Amino acid sequence: MAKEGDTFLPFGSDTEETPDVGEVVYAVGQQVRTRRWTWRQSEHGKITADSSDIFFPIDGFTDFNRENVIKAQTELDSLLKTICIYGKIFRKNMEEISGLYERYE
């Protein structure tokens with residue numbers, strides 16, 4: 001949840017915004033990476049050729065779309081194994097569901 005003093009730099013902009021206190025955000029310190037339930041991306045969170053640590057949030061509800069969330073996690077894991085040098089997939093409470101893997105060429 002956004003806190004007092006958090007800032008957000010919208011994708012493609014050089015003007016910072018201030019999220020509402022209590023708004024759902026993903027942040028590193030006071031630097032908000034995504035807001036509005038992750039559909040508003042930030043310049044600070046964009047993926048570039050120099051990116052090394054990438055976070056893919058997959059959210060859902062256990063009583064509504066749990067199977068779709070698990071399917072998305074499995075598909076992401078499969079895709080990452082073909083394009084990444086290493087990675088990990090986690091579920092709720094950071095329970096590891098896929099260990100480190102390496103790409104073989």
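On a predicted model such as this, the values are computed, not experimentally measured, just so you know.
Checking side-chain atoms of T74 against main-chain N and O of I70 turns up a donor-acceptor pair under 3.5 Å.
Annotation for T18 and D6: closest pair CG2-O, 3.8 Å, computed over non-hydrogen atoms. In plain terms, the two heavy atoms of T15 and P10 that are nearest each other are O-CD, 3.2 Å.
Looking at residues two or more places apart in sequence or on another chain, you find a side-chain contact (heavy atoms from CB on, under 4.5 Å) between N65 and F61, N68, V69. Among residues two or more places apart in sequence or in another chain, the side-chain contact (heavy atoms from CB on, under 4.5 Å) test is passed with E23 by A2, P19, D20, V25, R35, R36. The side-chain contact (heavy atoms from CB on, under 4.5 Å) search around T7 returns E16, not counting sequence neighbours. When the side-chain contact (heavy atoms from CB on, under 4.5 Å) test is applied to K46, the partners found at least two apart in sequence or on another chain are F11, E43, T48. Applying the side-chain hydrogen bond (donor to acceptor under 3.5 Å, both in side chains) test to Q31 and every residue at least two apart in sequence or in another chain returns R33, H44.
Once rounded to the nearest 0.5 Å, the distance linking CD of E17 with OG of S42 reads 10.0 Å. Separating the NZ atom in K71 from the CD atom in E67 is a distance of 10.5 Å, to the nearest 0.5 Å.
One hydrophobic cluster holds both L76 and I47 under the rule that ILVMFWY side chains link at heavy-atom gaps under 4.5 Å.
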